[in-house]
**Q** 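Can you read through this structure? Questions will come right after.
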Amino acid sequence: MLSANGSQFKDWSAAYRLFKDDRMNLDGIFGAVRRRVQKLNLSSEDTNIYGHMDDTLFRKKGRNVFGTSWLRDPLGPPFANNFVWGQRFIQVSLSLLENGSSGPSKAIPVDLVHCPATRKPGKTASQAEIDIFKETQKKAKLSEIGAQRIVKLRTDLDSDGHAERKLVISVDGSYTNETVIRKLPDNVDMIGRIRKDCKLYALPCEQPQGSGRKKYYGEELPTPEMIRQDQQYPYMAVRAWAAGKIRSFDVKVVRNVRWRKSGPKNLMLVIVRPVGYRLTKKSKLLYRNPAYLICTNPEMEISMLLQAYIRRWEIEVGFRDQKTLIGCGQAQVRLKGVVEKVPAFISACYGMMLLAAHETNLAEKISLPGTKWYKNALRTRTTTGDILNRFRAEKWLESIRINFSDFVNIEKKMAKLEKLANPILSSLFYMRN
């Protein structure tokens, strides 16, 4: 950031202390991003607000960095659990609908919170210290913090004047549990993955009025895997946007089911048939794994549910771009407040960059053809690399518009530069690529 501003040779001590103490209001920064996303989505015919939540890991090397511990490596092989030294964060993003409810979208970060693990006391710890550790460990679980962030997001949306709009949030299997489902606030629907062998139940039959405990669960239903293989549950075709165009998916739907993790709430089970693909045109047909989804709103439209969950992949794309291109989590800081604020600030800047590119129609301005190994027909999406290259080229183009001599007619020189603007811009693009 200092180098981009040309301040690398100046006194940077004030900038270094920018993230210390209470000099930065991250809630206000993320609030501006959140309100802008809502304003841009108001033109869509879909009145729902689509959000996504997931956790990520920032690898570290220093042993004195606050909040670091040994964590399971998500990129490790499936046959062994590798551990890496790092930090864990939870991010909440909102979908920015680019072409309506049935079109492409991008996940804009509106919240990033640090979730440090609780250190276990030593063998000589007292019983009071052990009790404090157990109580703190419960509050530090990712599911508990995730439920709190959903409640905060719903509260912020209400304060923004969108209390009547429903929040549909998509999560993965680690958040589809009792802690999150039972603490969902009103006007929030959740879509998440479940295990293929989980136990589901039908609604209880009518019970006679009177004293006694009422039943929450009826007869036990087949497992999701058994329902997928059972011919009595027919498939239905549902169309949704995925991988650059509208595609057809085969799904099975079972409404009004109950799960012991959700208590008396009625749920809807959705099973998505595996999608076939080929590595090459002549290779054999391969299949992905089926998806077993659960929704807390059994009356939700199936196409809307499927499209909302497909959009969840954008938060994974955002994690990759923030870590590899923007440098989120790479700052060499170790104090508690700074460790929490620097990644959140970079994530907010990433969201503002995506919003700026969307509002300026950057996709229409990027006219350079792709490389030979990148088919031009596939360039239907403005990537983060395209946005950064465009930004660098524009800044470099401004920097070379300098009058080196007072004897040069400035008006004529600027007119010539305007004619050469596109070639210069193109050359800078190719220099960067």
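Below, each value reflects all heavy atoms present in this structure, side chains not excepted, and no hydrogens, waters or symmetry copies.
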**Q** Give a yes/no verdict on a cation-pi contact between Arg273 and Tyr235, requiring under 6.0 Å between NZ or CZ and the six-membered ring centre and an angle within 45° of the axis.
**A** yes
**Q** Could you check whether Asp111 pairs with Arg34 (Lys NZ or Arg NE/NH1/NH2 to Asp/Glu carboxylate O, under 4.0 Å)?
**A**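 No salt bridge links Asp111 with Arg34.
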**Q** Indicate whether the side chain of Tyr175 and that of Asp54 have a donor and an acceptor atom separated by less than 3.5 Å.
**A**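 Not at all, the side chains of Tyr175 and Asp54 share no donor-acceptor pair under 3.5 Å.
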**Q** Among Val270, Val272, Ile302, find the one that has a side chain to side chain contact (heavy atoms under 4.5 Å, CB included) with Val238.
**A** Ile302
**Q** Looking only at non-hydrogen atoms, find the nearest pair between Pro224 and Leu200 and report the distance.
**A** CG-CD1, 4.3 Å
**Q** So, Arg390 and Asp386, do they make that salt bridge, N to O below 4.0 Å?
**A** no
**Q** Just checking, Arg63 and Trp85: is the charged tip under 6.0 Å from the six-membered ring centre and within 45° of the axis?
**A**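 The answer is yes, since Arg63 meets both limits relative to Trp85.
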**Q** State whether a side-chain donor-acceptor pair under 3.5 Å links Lys323 with Thr56.
**A** yes
**Q** Is there a donor-acceptor contact under 3.5 Å from the side chain of Gln87 to the main chain of Pro116?
**A**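 Between the backbone of Pro116 and the side chain of Gln87 there is no qualifying donor-acceptor contact (under 3.5 Å).
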**Q** Quick one: CZ on Arg72 to CZ on Arg88, what's the gap to the nearest 0.5 Å?
**A**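 Atom-to-atom, Arg72:CZ and Arg88:CZ are 12.5 Å apart.
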**Q** Are the side chain of Arg193 and the backbone of Asp172 linked by a donor-acceptor contact shorter than 3.5 Å?
**A**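 Not at all, since once roles are kept as given, no pair shorter than 3.5 Å links the two residues.
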**Q** Is a donor from one side chain sitting under 3.5 angstrom from an acceptor on the other, for Thr223 and Asp197?
**A**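 Result is no, nothing qualifies.
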**Q** Do the numbers put Arg311 on top of the ring of Tyr50, so that NZ or CZ is under 6.0 Å from the six-membered ring centre and no more than 45° off the axis?
**A** yes
**Q** Determine yes or no for a side-chain-to-main-chain donor-acceptor pair under 3.5 angstrom, with Asn187 supplying the side chain and Ala163 the backbone.
**A** yes
**Q** Do Lys261 and Thr176 pass the side chain to side chain contact (heavy atoms under 4.5 Å, CB included) test, and can you show the C-alpha distance, the side-chain angles, and the key distance before you say yes or no?
**A** CA-CA 9 Å; Lys261 300 296 183 181; Thr176 312; over 6 Å; no
**Q** To the nearest 0.5 Å, what is the distance between CG on Asp189 and CG on Leu305?
**A**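 Those atoms lie 9.0 Å apart.
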**Q** Of all heavy-atom pairs between Pro185 and Ile150, which one has the smallest distance, and what is that distance?
**A** CD-CG2, 4.1 Å
**Q** Less than 4.0 angstrom from a charged side-chain N to a carboxylate O is my criterion; do Glu359 and Arg36 meet it?
**A**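 The answer is yes: the pair qualifies as a salt bridge.
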**Q** Please report the interatomic distance CD(Gln91) to CZ(Arg149), rounded to the nearest 0.5 Å.
**A** 12.0 Å
**Q** Can you check whether Val180's main-chain N or O pairs, donor with acceptor, with Arg182's side chain at less than 3.5 Å?
**A**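 A pair under 3.5 Å: no.
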**Q** Using side chain to side chain contact (heavy atoms under 4.5 Å, CB included) as the criterion, point out the one residue from Ile387, Thr383, Leu388 that pairs with Leu325.
**A**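 Only match with Leu325 under side chain to side chain contact (heavy atoms under 4.5 Å, CB included): Leu388.
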**Q** When rounded to the nearest 0.5 angstrom, what is the spacing between CD1 in Ile194 and CG in Asn177?
**A**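 So the gap between those two atoms works out to 12.5 Å.
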**Q** Regarding Arg288 and the six-membered ring of Tyr277, is the cationic atom NZ or CZ under 6.0 Å from the ring centre and inside 45° of its axis?
**A** yes
**Q** Can you see whether Tyr201 has Arg260 sitting over its ring - NZ or CZ less than 6.0 Å from the centre and within 45° of the normal?
**A**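 Verdict for Tyr201: a cation-pi partner in Arg260.
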**Q** Strictly by modelled atom types, are Gln38 and His162 linked by a side-chain donor-acceptor pair under 3.5 Å?
**A** yes
**Q** Look only at the side chain of Gln322 and the backbone of Gly318, and say whether a donor-acceptor pair between them is shorter than 3.5 Å.
**A** yes
**Q** Looking only at heavy atoms, what is the nearest atom pair of Gly86 and Leu71, with distance?
**A** O-CD1, 3.7 Å
**Q** Ignoring hydrogens and geometry, is there a side-chain-to-backbone donor-acceptor pair from Ser347 to Ala344 under 3.5 Å?
**A**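 Not confirmed, Ser347 side chain does not pair with Ala344 backbone.
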**Q** Using 30° and 60° as the class boundaries, would you call the ring planes of Phe58 and Phe89 parallel, tilted or perpendicular?
**A**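 Tilted: the ring planes of Phe58 and Phe89 meet at 30° to 60°.
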**Q** Does the Thr296 side chain pair with the main chain of Met190, one donor and one acceptor, at a distance under 3.5 Å?
**A** yes
**Q** Cut-off 3.5 Å, side chains only: do Arg258 and Asn266 have a donor facing an acceptor?
**A**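 Yes.
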**Q** Within the distance-only criterion (no hydrogens, no angle test), does the side chain of Arg247 pair as donor or acceptor with the backbone N or O of Ala242 below 3.5 angstrom?
**A**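 Confirmed, Arg247 side chain pairs with Ala242 backbone.
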**Q** Examine distances only and state if a side-chain atom of Asp21 and a backbone atom of Arg23 form a donor-acceptor pair shorter than 3.5 Å.
**A**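 Absent.
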**Q** Once you round to the nearest 0.5 Å, how far does CG of Leu293 lie from CG of Leu306?
**A**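 Spacing of CG (Leu293) from CG (Leu306) equals 7.5 Å.
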**Q** Using the rule given for side chain to side chain contact (heavy atoms under 4.5 Å, CB included), can you reason through Trp259 versus Ile181, listing the C-alpha separation, both sets of side-chain angles and the distance that settles it, and then say yes or no?
**A** CA-CA 11 Å; Trp259 189 27; Ile181 294 179; 3.9 Å; yes
**Q** Drop me the distance from Glu316's CD to Asp321's CG, to the nearest 0.5 angstrom.
**A**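 Reported value, rounded in 0.5 Å steps: 12.0 Å.
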**Q** Can you tell me if Lys60 uses its side chain to pair, donor with acceptor, with the backbone of Gly329 under 3.5 Å?
**A**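 Side chain of Lys60 to backbone of Gly329, a donor-acceptor pair under 3.5 Å: yes, one is there.
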**Q** For the pair Asp230 and Lys252, find out whether any cationic side-chain nitrogen is under 4.0 Å from an anionic carboxylate oxygen.
**A**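 The answer is no: the pair does not qualify as a salt bridge.
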**Q** Minimum heavy-atom separation for Ser262 to Leu267, with atom names?
**A**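 For Ser262 and Leu267, the tightest heavy-atom pair comes out as OG-CD1, 3.3 Å.
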**Q** Do Arg228 and Tyr292 meet the criterion of a side-chain donor-acceptor pair at a distance under 3.5 Å?
**A**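 Short answer, yes.
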